[in-house]
Amino acid sequence: MFNIIIGQYVPGQSVIHRLDPRAKLLAVFLFVIIIFLANNWVTYALAIIFTLLGVFLSKVPVRFIYRGLKPIIIIIIFTFILNVLFTKEGELLVSYGWFHIYEGGLIQAVFISMRLLVIIVATTLLTLTTSPIDITDGLEILLGPLKKIKLPVHEFALMMSIALRFIPTLLEETEKVMKAQSARGSDFTSGSLKSRVKAIIPLLVPLFVGAFKRAEELAMAMEARGYRGDVGRTRLRQLIWSLSDTFLMLVTLFLTAALFILRG
Amino acid sequence: MKTTSLKQTVSVALLSAIAFLIMVFSFPMPLFPVFLTLDFSDVPAIVGTIMFGPVAGIVIEGLKNLLHYLLIGSATGVPVGELANFIAGSLLIVTGTWIYRKRKTTGSLIGGLLFGTVIMTIVMSIANYFIIFPSYAMFLGFGIDQAVAAANAANHSIHNLLTLIVFAVLPFNLLKGIILTVIIIPIYIRLRPRLGAMTLPKVR
């Protein structure tokens, strides 16, 4: 049960890995929006080339991409079949009893599967090549202007970093508590809904108590080291915007323009 | 004031991490469509709300879903499910603890959460009809009619989006709220001595 890997980050030294997280976040965000502009073969081909180029440059082994795709492959197939069967446009290709396949339906099914695939590969690529901490730092700076309207962006990023740091620790603690309760005869993995619900309570209570204790210690340790919020804070990891980041932005903007011009 | 604030911030962060872990181990419910998964990940958010107020609860819900999206990923590549979970959880928490915060007793917590469940069920059914289903349909590219047709094969009383919601989404949210209430009460009773110590200034 605990052999799941939390997080998908694959460390590396490729061009994509070394891009600034801010640039990557902006590019992926824009890309996911503009992919909805694509509506013919040329525009879809452009989007696919853009994604494949990213995958190629990242040098991430394809099996990691595949692993990211695995949970949704069924959804894609399901969507594909639904689109083929229920879109009644264009020429009738196959007809057998109640079973009809139209040309329009087939094309639409291909397009929509492509769109899903491209969106998922692009977002997976972001999390594969950027560590969660980098994403948090990038988000904090990108959302920085929101501080002007009194949104606690810094506190949010701090909480995110702390949560990321303590997920493995808490997972370990959960495992410990589960073992301790199993030794006392508790069963978490089988049984009816009611018995599972019952088993979860003695698991959660020690987890909460431990978290409160840890929070108190951590807050004290942070204050002892002079943490006093956002103002005047210096960073261990500095984000540096380089030429390649500007290049990525330009390419993404160019792609946006191309999709606008070439869409049917 | 400053010390309690930092302690709150850190506690909220750790509660979000617990919520995220619970969310990862969520399991789909029998008899319901797969995208409706039952998890107890709202429990840490409710505990956070009891301790630090509704804003803390909403922050926990938000962080939990953001972590889930970053670390696990979303089925559609776009966090529609995460957004739905965030809205549902926040609604349940804010309305649920609103009654509790007036009279801090176990009874008012039960009443409040059941009231919150009803509110959440109503609002989520409306949101599903107008926002969530249409956006799933947009990102997955099939029309709502097609989704309904697929659901019709499984359950013959479902013949349009409204009946899909009445027969799948509505009972799911009701059941989820009730199970959450059932879980939170014993946890609340056991944690109560500590909750008081954290929120109230030490008088004695």
Side-chain angles (χ1 to χ4, degrees), chain A residues 1 4 6-8 32 36 68 71-72 75 78-79 82-83 85-87 108-109 111-113 115-116 119-120 122-124 127 132 135-136 155-156 158-164 166-167 169-171 174 193 197 200-201 204-205 207-209 211-212 214-216 218-220 222-223 227-228, chain B residues 2-22 24-25 27 29-30 38 40 43-44 47 51 59-60 62-64 66-67 69-78 138-143 145-147 149-150 179 182-183 186-187 190-191 194-195 198:
Chain A
M1 190 173 181
I4 56 150
I6 298 285
Q8 306 163 301
V32 168
F36 284 90
I72 56 102
I75 295 179
F78 180 70
T79 318
L82 273 184
N83 272 296
L85 289 183
F86 290 96
T87 313
Q108 202 194 329
F111 278 174
I112 280 155
S113 312
R115 182 165 76 201
L116 270 174
I119 290 178
I120 286 150
T123 48
T124 311
T127 47
I135 294 182
T136 309
E155 282 73 13
F156 206 76
L158 175 75
M159 286 190 268
M160 189 80 180
S161 317
I162 293 176
L164 284 167
F166 278 97
I167 283 169
T169 317
L170 286 169
L171 191 64
T174 315
L193 192 66
V197 166
I200 209 157
I201 294 163
L204 284 181
V205 172
L207 213 53
F208 281 130
V209 174
F212 295 152
R214 191 161 270 141
E216 204 159 318
L218 183 59
M220 215 178 276
M222 284 169 73
E223 271 165 0
Y227 174 83
R228 55 198 185 317
Chain B
K2 196 73 197 167
T3 56
T4 51
S5 152
L6 182 58
K7 203 158 90 185
Q8 277 187 22
T9 311
V10 179
S11 306
V12 166
L14 290 180
L15 285 172
S16 317
I18 296 180
F20 162 75
L21 284 177
I22 299 175
V24 173
F25 293 118
F27 48 94
M29 293 239 281
L38 176 77
F40 313 118
V43 171
V47 172
M51 289 170 68
V59 169
I60 293 174
L63 275 173
K64 171 190 84 178
L66 196 61
L67 286 168
Y69 181 57
L70 283 183
L71 297 176
I72 308 293
S74 180
T76 45
V78 179
M138 185 177 93
F139 286 119
L140 295 179
F142 49 79
D145 303 337
Q146 294 159 9
I179 291 178
V182 170
I183 291 179
I187 292 179
R190 269 166 237 187
L191 286 179
R194 261 165 211 285
L195 298 182
M198 291 282 278

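Here is how names work: the chains are called A, B, and so on, in the same order as the sequence lines, proteins then strands, and each is numbered from 1.
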Among B:Ile183, B:Val43, B:Leu66, B:Leu14, who wins on heavy-atom pairs under 4.5 Å with chain A?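 Heavy-atom pairs under 4.5 Å are most numerous for B:Leu14.
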
Nearest 0.5 angstrom please: [X] [atom1] to [Y] [atom2], how far?
{"X": "A:Glu155", "Y": "B:Gln8", "atom1": "CD", "atom2": "CD", "answer": "11.5 Å"}
{"X": "B:Tyr69", "Y": "A:Thr123", "atom1": "OH", "atom2": "OG1", "answer": "5.0 Å"}
{"X": "A:Ile167", "Y": "B:Ile18", "atom1": "CD1", "atom2": "CD1", "answer": "11.0 Å"}
{"X": "A:Leu218", "Y": "A:Glu223", "atom1": "CG", "atom2": "CD", "answer": "10.5 Å"}
{"X": "B:Arg190", "Y": "A:Phe208", "atom1": "CZ", "atom2": "CZ", "answer": "12.5 Å"}

Side chain, backbone, both or neither: which part of [X] has an atom under 4.5 Å from a heavy atom of chain B?
{"X": "A:Phe156", "result": "both"}
{"X": "A:Ile135", "result": "side chain"}
{"X": "A:Leu204", "result": "side chain"}

What residue, out of A:Thr169, A:Thr127, A:Val205, A:Leu158, has the most heavy-atom pairs lying under 4.5 Å from chain B?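 Top option by heavy-atom pairs under 4.5 Å: A:Val205.
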
